[in-house]
Student: 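Supplied in C-alpha coordinates, the structure appears directly below.
The structure presented is a predicted model; accordingly, all values stated were derived computationally and were not measured. Labels below follow one simple rule: chain letters A, B, ... track the order of the sequence lines, proteins then strands, and each chain is numbered from 1.
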2 protein chains.
Amino acid sequence: MTMKTIEIKNAWQGNSDCNACTIRSSALFAELNEEDFSKIHSPIDDLRIEANTGIYSQGESAEYLFTLREGFIKLLHLNSDGSERIVRLVMPGDLFGMEALLGEAYSHAASTLSNVHLCRIPKAIIASLGEESPRLHRQIVKKWGEALVQSESWFSEINTGRIEVRLARFLLRVAKSSGDIAVAPLFKREDMGLMMDVKFETISRALASMAEQGLISNISRLSIQIPSMENLKKFSQAGLNA
Amino acid sequence: MTMKTIEIKNAWQGNSDCNACTIRSSALFAELNEEDFSKIHSPIDDLRIEANTGIYSQGESAEYLFTLREGFIKLLHLNSDGSERIVRLVMPGDLFGMEALLGEAYSHAASTLSNVHLCRIPKAIIASLGEESPRLHRQIVKKWGEALVQSESWFSEINTGRIEVRLARFLLRVAKSSGDIAVAPLFKREDMGLMMDVKFETISRALASMAEQGLISNISRLSIQIPSMENLKKFSQAGLNA
DNA sequence: CGTTGGTTTGAAAGGACTCAAGAGGGGTGG
DNA sequence: CCACCCCTCTTGAGTCCTTTCAAACCAACG
(Lines give C-alpha, C1' and ligand atoms only; values in the text may rest on other atoms or scores of the structure.)
Protein backbone atom coordinates (compact mmCIF):
# COMPACT_ATOMS: atom_id res chain seq x y z
CA MET A 1 0.00 0.00 0.00
CA THR A 2 1.94 2.95 -1.29
CA MET A 3 0.91 6.27 0.10
CA LYS A 4 1.77 9.67 -1.16
CA THR A 5 2.24 12.53 1.22
CA ILE A 6 1.01 16.01 0.66
CA GLU A 7 3.15 18.24 -1.40
CA ILE A 8 2.04 21.58 -0.23
CA LYS A 9 3.42 23.48 -3.15
CA ASN A 10 1.12 21.64 -5.50
CA ALA A 11 -1.87 21.49 -3.29
CA TRP A 12 -1.91 25.02 -2.02
CA GLN A 13 -4.86 27.02 -3.24
CA GLY A 14 -4.23 30.28 -1.48
CA ASN A 15 -5.09 31.54 1.95
CA SER A 16 -8.65 31.07 3.03
CA ASP A 17 -11.17 33.77 3.29
CA CYS A 18 -12.94 32.18 6.22
CA ASN A 19 -15.35 35.03 6.54
CA ALA A 20 -16.83 34.09 3.19
CA CYS A 21 -16.48 30.34 3.55
CA THR A 22 -19.37 28.41 2.10
CA ILE A 23 -19.40 25.81 4.84
CA ARG A 24 -18.78 28.29 7.55
CA SER A 25 -22.03 27.63 9.30
CA SER A 26 -20.99 24.07 10.03
CA ALA A 27 -17.33 24.72 10.50
CA LEU A 28 -15.18 25.74 13.37
CA PHE A 29 -15.57 29.45 12.92
CA ALA A 30 -19.33 29.38 12.72
CA GLU A 31 -19.89 31.71 15.61
CA LEU A 32 -17.09 34.14 15.15
CA ASN A 33 -17.91 37.74 14.36
CA GLU A 34 -16.05 40.40 12.41
CA GLU A 35 -13.99 41.38 15.38
CA ASP A 36 -12.89 37.83 16.00
CA PHE A 37 -11.87 37.42 12.40
CA SER A 38 -9.75 40.50 12.57
CA LYS A 39 -7.67 38.74 15.16
CA ILE A 40 -6.66 35.96 12.80
CA HIS A 41 -3.24 36.65 11.47
CA SER A 42 -1.50 33.36 10.77
CA PRO A 43 -2.40 31.98 7.38
CA ILE A 44 -5.12 29.39 7.05
CA ASP A 45 -4.28 27.38 3.99
CA ASP A 46 -6.81 26.15 1.55
CA LEU A 47 -5.71 22.82 0.13
CA ARG A 48 -6.85 20.41 -2.52
CA ILE A 49 -5.47 16.92 -2.23
CA GLU A 50 -6.02 13.93 -4.42
CA ALA A 51 -7.30 10.53 -3.35
CA ASN A 52 -5.21 8.09 -1.35
CA THR A 53 -2.80 10.61 0.07
CA GLY A 54 -1.56 10.73 3.64
CA ILE A 55 -2.17 13.99 5.49
CA TYR A 56 -0.48 13.16 8.76
CA SER A 57 0.53 10.04 10.56
CA GLN A 58 -0.07 8.68 14.02
CA GLY A 59 2.39 9.94 16.60
CA GLU A 60 3.39 12.97 14.55
CA SER A 61 3.37 16.20 16.51
CA ALA A 62 0.05 17.91 15.92
CA GLU A 63 0.65 21.36 14.49
CA TYR A 64 -2.53 21.86 12.51
CA LEU A 65 -6.14 21.03 12.71
CA PHE A 66 -8.27 20.66 9.63
CA THR A 67 -11.75 21.30 8.37
CA LEU A 68 -12.93 19.11 5.55
CA ARG A 69 -14.83 20.97 2.88
CA GLU A 70 -15.30 18.34 0.21
CA GLY A 71 -14.60 14.64 -0.08
CA PHE A 72 -13.94 11.90 2.44
CA ILE A 73 -11.09 11.24 4.80
CA LYS A 74 -10.30 8.21 6.91
CA LEU A 75 -8.77 8.31 10.35
CA LEU A 76 -6.65 5.24 10.87
CA HIS A 77 -5.61 3.99 14.26
CA LEU A 78 -2.79 1.52 14.33
CA ASN A 79 -2.54 -1.00 17.12
CA SER A 80 0.53 -2.20 18.90
CA ASP A 81 0.54 -5.40 16.88
CA GLY A 82 0.57 -3.57 13.57
CA SER A 83 -3.06 -4.15 12.72
CA GLU A 84 -5.12 -1.10 11.94
CA ARG A 85 -8.69 0.11 12.03
CA ILE A 86 -10.50 3.04 10.54
CA VAL A 87 -11.86 4.76 13.62
CA ARG A 88 -13.72 7.56 11.92
CA LEU A 89 -14.94 8.60 8.54
CA VAL A 90 -14.59 12.35 8.17
CA MET A 91 -17.33 13.96 6.12
CA PRO A 92 -17.66 17.50 4.79
CA GLY A 93 -18.04 20.03 7.58
CA ASP A 94 -16.21 17.85 10.08
CA LEU A 95 -13.12 18.86 11.96
CA PHE A 96 -10.20 16.52 12.41
CA GLY A 97 -6.73 16.58 13.85
CA MET A 98 -8.06 18.35 16.93
CA GLU A 99 -5.27 16.85 18.96
CA ALA A 100 -3.47 20.02 17.94
CA LEU A 101 -5.61 21.86 20.45
CA LEU A 102 -4.36 19.66 23.22
CA GLY A 103 -0.75 20.17 22.27
CA GLU A 104 -0.34 16.50 21.67
CA ALA A 105 0.65 14.16 18.90
CA TYR A 106 -1.95 12.95 16.47
CA SER A 107 -3.56 9.84 17.89
CA HIS A 108 -4.30 8.42 14.47
CA ALA A 109 -3.25 8.82 10.88
CA ALA A 110 -5.36 10.71 8.37
CA SER A 111 -5.50 10.09 4.66
CA THR A 112 -7.81 10.90 1.81
CA LEU A 113 -10.34 8.45 0.45
CA SER A 114 -11.27 10.70 -2.43
CA ASN A 115 -10.12 13.97 -3.86
CA VAL A 116 -10.63 16.43 -1.07
CA HIS A 117 -10.76 20.12 -0.37
CA LEU A 118 -9.80 21.20 3.09
CA CYS A 119 -8.61 24.03 5.30
CA ARG A 120 -5.50 23.68 7.34
CA ILE A 121 -5.47 25.76 10.49
CA PRO A 122 -2.27 26.30 12.49
CA LYS A 123 -2.80 25.56 16.14
CA ALA A 124 -1.35 28.95 17.05
CA ILE A 125 -4.44 30.63 15.70
CA ILE A 126 -6.72 28.77 18.02
CA ALA A 127 -4.47 29.26 21.00
CA SER A 128 -4.30 33.01 20.59
CA LEU A 129 -7.88 33.43 19.53
CA GLY A 130 -9.09 31.12 22.24
CA GLU A 131 -7.81 33.42 24.94
CA GLU A 132 -10.06 36.15 23.78
CA SER A 133 -13.08 34.54 22.24
CA PRO A 134 -15.43 32.56 24.42
CA ARG A 135 -17.53 31.99 21.34
CA LEU A 136 -14.71 30.11 19.70
CA HIS A 137 -14.17 28.12 22.83
CA ARG A 138 -17.79 27.13 22.89
CA GLN A 139 -17.58 26.11 19.28
CA ILE A 140 -14.52 24.00 19.91
CA VAL A 141 -16.16 22.19 22.78
CA LYS A 142 -19.15 21.58 20.55
CA LYS A 143 -16.98 20.17 17.79
CA TRP A 144 -15.22 17.84 20.17
CA GLY A 145 -18.55 16.66 21.34
CA GLU A 146 -19.78 16.03 17.84
CA ALA A 147 -16.64 14.12 17.03
CA LEU A 148 -17.11 11.93 20.06
CA VAL A 149 -20.75 11.23 19.36
CA GLN A 150 -19.96 10.52 15.72
CA SER A 151 -17.16 8.21 16.67
CA GLU A 152 -19.24 6.31 19.19
CA SER A 153 -22.31 5.87 17.08
CA TRP A 154 -20.17 4.94 14.10
CA PHE A 155 -18.47 2.40 16.24
CA SER A 156 -21.68 0.97 17.54
CA GLU A 157 -23.62 0.84 14.31
CA ILE A 158 -20.94 -0.16 11.84
CA ASN A 159 -19.54 -2.88 14.05
CA THR A 160 -22.56 -4.73 15.35
CA GLY A 161 -24.36 -7.59 13.66
CA ARG A 162 -23.91 -9.37 10.34
CA ILE A 163 -21.88 -7.65 7.72
CA GLU A 164 -24.75 -7.11 5.38
CA VAL A 165 -26.55 -5.22 8.09
CA ARG A 166 -23.45 -3.25 8.97
CA LEU A 167 -22.92 -2.45 5.34
CA ALA A 168 -26.52 -1.31 5.02
CA ARG A 169 -26.08 1.05 7.96
CA PHE A 170 -22.89 2.35 6.44
CA LEU A 171 -24.57 3.02 3.11
CA LEU A 172 -27.46 4.84 4.74
CA ARG A 173 -24.97 7.01 6.54
CA VAL A 174 -23.07 8.14 3.48
CA ALA A 175 -25.94 8.11 0.98
CA LYS A 176 -27.01 11.25 -0.79
CA SER A 177 -30.44 11.61 -2.32
CA SER A 178 -29.99 13.69 -5.42
CA GLY A 179 -33.51 14.12 -6.68
CA ASP A 180 -35.21 10.82 -7.22
CA ILE A 181 -32.54 8.22 -6.70
CA ALA A 182 -30.15 7.88 -3.82
CA VAL A 183 -26.49 7.23 -4.42
CA ALA A 184 -23.91 6.10 -1.91
CA PRO A 185 -20.19 6.46 -2.47
CA LEU A 186 -18.01 3.41 -2.02
CA PHE A 187 -14.34 3.26 -1.22
CA LYS A 188 -11.63 0.74 -1.76
CA ARG A 189 -12.92 -2.62 -0.53
CA GLU A 190 -9.86 -2.84 1.63
CA ASP A 191 -10.75 0.43 3.35
CA MET A 192 -14.36 -0.58 3.76
CA GLY A 193 -13.10 -3.75 5.37
CA LEU A 194 -11.01 -1.74 7.80
CA MET A 195 -14.08 0.24 8.76
CA MET A 196 -16.21 -2.79 9.50
CA ASP A 197 -13.56 -5.20 10.62
CA VAL A 198 -13.86 -7.73 7.83
CA LYS A 199 -11.65 -8.75 4.93
CA PHE A 200 -12.12 -7.01 1.62
CA GLU A 201 -13.42 -10.16 -0.05
CA THR A 202 -16.22 -10.23 2.48
CA ILE A 203 -17.22 -6.69 1.56
CA SER A 204 -17.28 -7.68 -2.06
CA ARG A 205 -19.46 -10.69 -1.36
CA ALA A 206 -21.81 -8.72 0.85
CA LEU A 207 -22.30 -6.11 -1.87
CA ALA A 208 -23.04 -8.83 -4.40
CA SER A 209 -25.50 -10.49 -2.09
CA MET A 210 -27.30 -7.25 -1.34
CA ALA A 211 -27.56 -6.53 -5.04
CA GLU A 212 -29.15 -9.95 -5.55
CA GLN A 213 -31.69 -9.09 -2.91
CA GLY A 214 -32.49 -5.88 -4.75
CA LEU A 215 -31.38 -3.68 -1.88
CA ILE A 216 -28.79 -1.93 -3.98
CA SER A 217 -28.04 -1.73 -7.69
CA ASN A 218 -25.44 -0.57 -10.14
CA ILE A 219 -22.44 -1.58 -8.13
CA SER A 220 -19.36 0.08 -9.46
CA ARG A 221 -15.97 0.69 -8.04
CA LEU A 222 -16.86 3.96 -6.43
CA SER A 223 -20.59 4.01 -5.87
CA ILE A 224 -23.88 2.18 -5.76
CA GLN A 225 -27.47 3.21 -6.21
CA ILE A 226 -30.16 2.64 -3.64
CA PRO A 227 -33.50 1.91 -5.31
CA SER A 228 -35.42 2.25 -2.06
CA MET A 229 -34.10 3.91 1.03
CA GLU A 230 -37.09 2.52 2.87
CA ASN A 231 -36.22 -1.06 2.10
CA LEU A 232 -32.60 -0.58 2.96
CA LYS A 233 -33.55 1.05 6.22
CA LYS A 234 -35.90 -1.77 7.06
CA PHE A 235 -33.18 -4.25 6.25
CA SER A 236 -30.63 -2.47 8.40
CA GLN A 237 -32.97 -2.54 11.35
CA ALA A 238 -34.22 -6.05 11.24
CA GLY A 239 -32.02 -8.00 8.92
CA LEU A 240 -35.14 -9.87 7.87
CA ASN A 241 -34.42 -10.90 4.34
CA ALA A 242 -36.63 -12.65 1.84
CA MET B 1 -32.27 -7.66 32.25
CA THR B 2 -33.76 -5.77 35.14
CA MET B 3 -32.10 -2.50 35.97
CA LYS B 4 -32.49 -0.40 39.04
CA THR B 5 -32.35 3.32 38.78
CA ILE B 6 -30.61 5.56 41.21
CA GLU B 7 -32.48 6.47 44.29
CA ILE B 8 -30.79 9.64 45.23
CA LYS B 9 -32.00 9.64 48.77
CA ASN B 10 -30.16 6.43 49.48
CA ALA B 11 -27.11 7.14 47.47
CA TRP B 12 -26.44 10.68 48.49
CA GLN B 13 -23.28 11.09 50.52
CA GLY B 14 -23.30 14.80 51.04
CA ASN B 15 -22.09 17.67 48.95
CA SER B 16 -18.61 17.39 47.61
CA ASP B 17 -15.68 19.32 48.87
CA CYS B 18 -14.03 19.48 45.48
CA ASN B 19 -11.21 21.59 46.75
CA ALA B 20 -10.05 18.67 48.87
CA CYS B 21 -10.94 15.94 46.41
CA THR B 22 -8.45 13.10 46.30
CA ILE B 23 -8.69 12.62 42.57
CA ARG B 24 -8.81 16.29 41.83
CA SER B 25 -5.60 16.27 39.86
CA SER B 26 -7.11 14.04 37.25
CA ALA B 27 -10.62 15.37 37.44
CA LEU B 28 -12.44 18.20 35.81
CA PHE B 29 -11.52 20.82 38.33
CA ALA B 30 -7.82 20.08 38.28
CA GLU B 31 -6.79 23.55 37.23
CA LEU B 32 -9.21 25.63 39.18
CA ASN B 33 -7.89 27.92 41.86
CA GLU B 34 -9.43 29.21 45.07
CA GLU B 35 -11.15 32.03 43.33
CA ASP B 36 -12.74 29.72 40.82
CA PHE B 37 -14.00 27.47 43.55
CA SER B 38 -15.60 30.34 45.31
CA LYS B 39 -17.81 30.77 42.29
CA ILE B 40 -19.33 27.33 42.63
CA HIS B 41 -22.68 27.62 44.26
CA SER B 42 -24.89 24.83 43.00
CA PRO B 43 -24.36 21.61 44.90
CA ILE B 44 -22.11 18.94 43.53
CA ASP B 45 -23.41 15.67 44.87
CA ASP B 46 -21.24 12.87 46.00
CA LEU B 47 -22.91 9.56 45.25
CA ARG B 48 -22.29 5.91 45.94
CA ILE B 49 -24.18 3.51 43.73
CA GLU B 50 -24.19 -0.24 43.71
CA ALA B 51 -23.41 -2.51 40.80
CA ASN B 52 -25.75 -2.96 37.85
CA THR B 53 -27.65 0.25 38.31
CA GLY B 54 -28.69 2.64 35.58
CA ILE B 55 -27.46 6.22 35.95
CA TYR B 56 -29.10 7.73 32.90
CA SER B 57 -30.45 6.47 29.65
CA GLN B 58 -29.90 7.32 26.03
CA GLY B 59 -31.99 10.22 24.80
CA GLU B 60 -32.63 11.57 28.28
CA SER B 61 -32.03 15.30 28.59
CA ALA B 62 -28.50 15.78 29.90
CA GLU B 63 -28.66 17.78 33.10
CA TYR B 64 -25.55 16.53 34.85
CA LEU B 65 -22.09 15.43 34.02
CA PHE B 66 -20.21 12.99 36.20
CA THR B 67 -16.75 12.24 37.43
CA LEU B 68 -16.06 8.66 38.36
CA ARG B 69 -14.04 8.29 41.52
CA GLU B 70 -14.13 4.55 42.12
CA GLY B 71 -15.39 1.54 40.22
CA PHE B 72 -16.32 0.95 36.60
CA ILE B 73 -19.12 2.23 34.45
CA LYS B 74 -20.27 1.19 31.01
CA LEU B 75 -21.57 3.53 28.36
CA LEU B 76 -24.12 1.74 26.24
CA HIS B 77 -25.17 2.89 22.81
CA LEU B 78 -28.33 1.40 21.46
CA ASN B 79 -28.84 1.06 17.76
CA SER B 80 -31.96 1.62 15.75
CA ASP B 81 -32.55 -2.12 15.52
CA GLY B 82 -32.47 -2.57 19.26
CA SER B 83 -29.02 -4.10 19.43
CA GLU B 84 -26.55 -2.45 21.73
CA ARG B 85 -22.85 -1.99 22.19
CA ILE B 86 -20.68 -0.80 25.03
CA VAL B 87 -18.91 2.14 23.49
CA ARG B 88 -16.74 3.10 26.40
CA LEU B 89 -15.55 1.74 29.69
CA VAL B 90 -15.33 4.56 32.20
CA MET B 91 -12.49 4.20 34.67
CA PRO B 92 -11.68 6.20 37.81
CA GLY B 93 -10.76 9.78 37.02
CA ASP B 94 -12.77 9.79 33.79
CA LEU B 95 -15.56 12.20 33.03
CA PHE B 96 -18.78 11.04 31.42
CA GLY B 97 -22.12 12.48 30.46
CA MET B 98 -20.37 15.48 28.95
CA GLU B 99 -23.26 15.91 26.57
CA ALA B 100 -24.61 18.11 29.33
CA LEU B 101 -22.08 20.72 28.28
CA LEU B 102 -23.53 20.80 24.79
CA GLY B 103 -27.05 21.20 26.04
CA GLU B 104 -28.05 17.98 24.41
CA ALA B 105 -29.51 14.64 25.34
CA TYR B 106 -27.26 11.86 26.46
CA SER B 107 -26.07 9.96 23.41
CA HIS B 108 -25.74 6.71 25.30
CA ALA B 109 -26.92 5.09 28.50
CA ALA B 110 -24.67 4.79 31.55
CA SER B 111 -24.81 2.11 34.16
CA THR B 112 -22.57 0.72 36.81
CA LEU B 113 -20.51 -2.43 36.36
CA SER B 114 -19.40 -2.46 39.97
CA ASN B 115 -20.13 -0.52 43.10
CA VAL B 116 -19.09 2.99 42.26
CA HIS B 117 -18.37 6.31 43.84
CA LEU B 118 -18.95 9.37 41.72
CA CYS B 119 -19.57 13.09 41.66
CA ARG B 120 -22.60 14.50 39.94
CA ILE B 121 -22.14 18.01 38.62
CA PRO B 122 -25.11 20.10 37.47
CA LYS B 123 -24.52 21.59 34.06
CA ALA B 124 -25.38 25.01 35.38
CA ILE B 125 -22.14 25.10 37.30
CA ILE B 126 -20.07 24.64 34.21
CA ALA B 127 -22.07 27.12 32.21
CA SER B 128 -21.69 29.88 34.75
CA LEU B 129 -18.16 29.06 35.68
CA GLY B 130 -17.19 28.63 32.06
CA GLU B 131 -17.98 32.22 31.29
CA GLU B 132 -15.37 33.39 33.69
CA SER B 133 -12.71 30.74 33.83
CA PRO B 134 -10.58 30.08 30.80
CA ARG B 135 -8.76 27.51 32.88
CA LEU B 136 -11.90 25.48 33.23
CA HIS B 137 -12.57 25.78 29.55
CA ARG B 138 -9.15 24.47 28.75
CA GLN B 139 -9.71 21.60 31.11
CA ILE B 140 -13.01 20.75 29.50
CA VAL B 141 -11.52 20.72 26.05
CA LYS B 142 -8.79 18.48 27.34
CA LYS B 143 -11.28 16.08 28.87
CA TRP B 144 -13.25 15.89 25.65
CA GLY B 145 -10.06 15.12 23.86
CA GLU B 146 -9.15 12.37 26.27
CA ALA B 147 -12.58 10.86 25.97
CA LEU B 148 -12.30 10.81 22.20
CA VAL B 149 -8.85 9.29 22.17
CA GLN B 150 -9.92 6.73 24.74
CA SER B 151 -12.99 5.86 22.75
CA GLU B 152 -11.10 5.49 19.50
CA SER B 153 -8.25 3.43 20.79
CA TRP B 154 -10.67 1.29 22.74
CA PHE B 155 -12.63 0.78 19.61
CA SER B 156 -9.61 -0.08 17.57
CA GLU B 157 -7.88 -2.38 20.01
CA ILE B 158 -10.81 -4.19 21.55
CA ASN B 159 -12.50 -4.82 18.24
CA THR B 160 -9.78 -6.02 15.93
CA GLY B 161 -8.54 -9.56 15.49
CA ARG B 162 -9.39 -12.85 17.14
CA ILE B 163 -11.26 -12.71 20.38
CA GLU B 164 -8.49 -14.11 22.45
CA VAL B 165 -6.26 -11.31 21.29
CA ARG B 166 -8.97 -8.73 21.91
CA LEU B 167 -9.56 -10.16 25.34
CA ALA B 168 -5.85 -10.00 26.08
CA ARG B 169 -5.76 -6.33 25.14
CA PHE B 170 -8.78 -5.70 27.28
CA LEU B 171 -7.19 -7.38 30.27
CA LEU B 172 -3.97 -5.44 29.89
CA ARG B 173 -5.98 -2.27 29.84
CA VAL B 174 -7.86 -2.87 33.06
CA ALA B 175 -5.15 -4.82 34.92
CA LYS B 176 -3.69 -3.53 38.15
CA SER B 177 -0.33 -4.68 39.42
CA SER B 178 -0.62 -4.74 43.16
CA GLY B 179 2.85 -5.68 44.28
CA ASP B 180 3.99 -8.90 42.71
CA ILE B 181 1.00 -10.25 40.88
CA ALA B 182 -1.27 -8.47 38.45
CA VAL B 183 -5.01 -8.77 38.73
CA ALA B 184 -7.61 -7.79 36.18
CA PRO B 185 -11.26 -7.26 37.04
CA LEU B 186 -13.86 -9.07 34.98
CA PHE B 187 -17.46 -8.16 34.42
CA LYS B 188 -20.55 -10.08 33.54
CA ARG B 189 -19.74 -12.21 30.50
CA GLU B 190 -22.68 -10.63 28.78
CA ASP B 191 -21.21 -7.17 29.27
CA MET B 192 -17.80 -8.27 28.16
CA GLY B 193 -19.44 -9.65 25.06
CA LEU B 194 -21.06 -6.29 24.39
CA MET B 195 -17.68 -4.63 24.63
CA MET B 196 -16.00 -6.90 22.14
CA ASP B 197 -18.94 -7.75 19.93
CA VAL B 198 -19.20 -11.45 20.68
CA LYS B 199 -21.70 -13.63 22.54
CA PHE B 200 -21.11 -14.30 26.20
CA GLU B 201 -20.42 -17.98 25.59
CA THR B 202 -17.53 -16.96 23.40
CA ILE B 203 -16.04 -14.88 26.18
CA SER B 204 -16.32 -17.79 28.51
CA ARG B 205 -14.58 -20.11 26.07
CA ALA B 206 -11.85 -17.59 25.33
CA LEU B 207 -11.10 -17.20 29.04
CA ALA B 208 -10.92 -20.97 29.45
CA SER B 209 -8.63 -21.31 26.46
CA MET B 210 -6.32 -18.56 27.68
CA ALA B 211 -6.14 -20.22 31.07
CA GLU B 212 -5.12 -23.47 29.38
CA GLN B 213 -2.34 -21.62 27.63
CA GLY B 214 -1.15 -20.29 30.97
CA LEU B 215 -1.76 -16.70 29.99
CA ILE B 216 -4.15 -16.14 32.87
CA SER B 217 -5.02 -18.04 36.01
CA ASN B 218 -7.55 -18.16 38.82
CA ILE B 219 -10.55 -17.31 36.74
CA SER B 220 -13.40 -16.29 38.97
CA ARG B 221 -16.58 -14.46 38.37
CA LEU B 222 -15.12 -11.05 38.93
CA SER B 223 -11.41 -11.26 38.32
CA ILE B 224 -8.44 -13.17 36.98
CA GLN B 225 -4.75 -13.17 37.76
CA ILE B 226 -2.06 -12.54 35.21
CA PRO B 227 1.04 -14.62 35.95
CA SER B 228 3.15 -12.74 33.45
CA MET B 229 2.26 -9.39 31.99
CA GLU B 230 5.09 -9.86 29.53
CA ASN B 231 3.63 -13.04 28.10
CA LEU B 232 0.18 -11.58 27.87
CA LYS B 233 1.53 -8.53 26.15
CA LYS B 234 3.45 -10.62 23.68
CA PHE B 235 0.34 -12.64 23.03
CA SER B 236 -1.78 -9.56 22.48
CA GLN B 237 0.65 -8.25 19.94
CA ALA B 238 1.34 -11.32 17.91
CA GLY B 239 -1.28 -13.87 18.70
CA LEU B 240 1.44 -16.48 18.29
CA ASN B 241 0.36 -19.22 20.61
CA ALA B 242 2.16 -22.41 21.52
C1' DC C 1 -1.33 -5.26 -26.18
C1' DG C 2 0.85 -6.52 -21.79
C1' DT C 3 1.19 -4.83 -17.15
C1' DT C 4 -0.68 -3.36 -12.90
C1' DG C 5 -3.81 -2.53 -9.10
C1' DG C 6 -8.13 -3.45 -7.62
C1' DT C 7 -12.37 -6.41 -7.57
C1' DT C 8 -14.92 -10.59 -7.98
C1' DT C 9 -15.68 -15.44 -7.37
C1' DG C 10 -14.72 -20.32 -5.80
C1' DA C 11 -13.73 -24.04 -2.49
C1' DA C 12 -12.08 -25.53 1.83
C1' DA C 13 -10.86 -24.42 6.62
C1' DG C 14 -11.58 -22.08 10.76
C1' DG C 15 -13.89 -19.30 14.13
C1' DA C 16 -18.11 -17.69 16.28
C1' DC C 17 -22.99 -18.57 16.91
C1' DT C 18 -27.04 -21.22 18.32
C1' DC C 19 -29.42 -24.27 21.04
C1' DA C 20 -29.22 -26.96 24.87
C1' DA C 21 -27.84 -29.07 29.07
C1' DG C 22 -25.35 -28.91 33.28
C1' DA C 23 -22.56 -26.71 37.18
C1' DG C 24 -21.64 -23.08 40.61
C1' DG C 25 -22.96 -19.42 43.97
C1' DG C 26 -25.82 -16.50 46.52
C1' DG C 27 -30.03 -15.60 48.56
C1' DT C 28 -34.59 -17.01 50.59
C1' DG C 29 -37.77 -19.50 53.10
C1' DG C 30 -38.88 -23.56 55.52
C1' DC D 1 -28.98 -25.00 58.83
C1' DC D 2 -30.47 -27.10 54.83
C1' DA D 3 -33.30 -27.30 50.63
C1' DC D 4 -34.52 -24.88 46.84
C1' DC D 5 -34.48 -21.41 43.40
C1' DC D 6 -32.61 -18.19 40.39
C1' DC D 7 -29.08 -16.20 37.97
C1' DT D 8 -24.80 -16.61 35.86
C1' DC D 9 -21.22 -19.11 33.97
C1' DT D 10 -19.39 -23.21 31.67
C1' DT D 11 -19.28 -26.81 28.29
C1' DG D 12 -20.84 -29.57 24.19
C1' DA D 13 -22.28 -30.43 19.30
C1' DG D 14 -23.86 -28.89 15.02
C1' DT D 15 -24.62 -24.97 11.91
C1' DC D 16 -23.58 -20.71 9.86
C1' DC D 17 -20.63 -17.02 8.68
C1' DT D 18 -16.12 -15.23 7.71
C1' DT D 19 -11.46 -16.11 6.43
C1' DT D 20 -7.91 -18.02 3.65
C1' DC D 21 -5.72 -19.15 -0.43
C1' DA D 22 -6.22 -19.12 -5.31
C1' DA D 23 -7.51 -17.99 -9.68
C1' DA D 24 -9.93 -15.23 -12.90
C1' DC D 25 -11.59 -10.76 -14.26
C1' DC D 26 -11.66 -5.85 -15.28
C1' DA D 27 -10.39 -1.17 -16.32
C1' DA D 28 -6.78 2.10 -16.56
C1' DC D 29 -2.36 3.09 -18.47
C1' DG D 30 2.00 2.87 -20.69
Student: After noting the C-alpha distance and the side-chain angles of Asp46(B) and Arg69(B), does the key distance pass the salt bridge (Lys or Arg N to Asp or Glu O under 4.0 Å) rule?
Tutor: CA-CA 10 Å; Asp46(B) 189 24; Arg69(B) 307 185 62 171; 3.5 Å; yes
Student: How close do Arg166(B) and Gly161(B) get, heavy atom to heavy atom, and via which atoms?
Tutor: NH1-O, 2.7 Å
Student: How long is the line joining CD of Glu190(A) and C1' of dT8(C), in whole Å?
Tutor: 15 Å
Student: Whole Å only: how far is the CG atom of Leu194(A) from the C1' atom of dG6(C)?
Tutor: 15 Å
Student: From CZ of Phe187(A) over to P of dT7(C), roughly how many Å is that when rounded to an integer?
Tutor: 12 Å
Student: Starting at atom CG of Asn159(B), determine the distance to atom P of dA16(C), rounded to an integer number of angstrom.
Tutor: 13 Å
Student: Can you measure Asp191(B) atom CG to dC7(D) atom P for me and round it to whole angstrom units?
Tutor: 16 Å
Student: Arg173(B): which residues meet the salt bridge (Lys or Arg N to Asp or Glu O under 4.0 Å) condition with it, sequence neighbours left out?
Tutor: Glu157(B)
Student: Out of Leu89(A), Leu118(A), Leu113(A), which one pairs with Ile73(A) under the side-chain contact (heavy atoms from CB on, under 4.5 Å) rule?
Tutor: Leu118(A)
Student: Are any of the side-chain nitrogens in Lys233(B) or Glu230(B) under 4.0 Å away from the carboxylate oxygens of its partner?
Tutor: no
Student: When you check every protein heavy atom under 4.0 Å of nucleotides 10-27 of chain D, what one-letter string (B, S, -) results, 5' to 3'?
Tutor: BBBB----SBBB------
Student: Side chains of Lys123(A) and Tyr64(A): closer than 4.5 Å at any heavy-atom pair?
Tutor: no
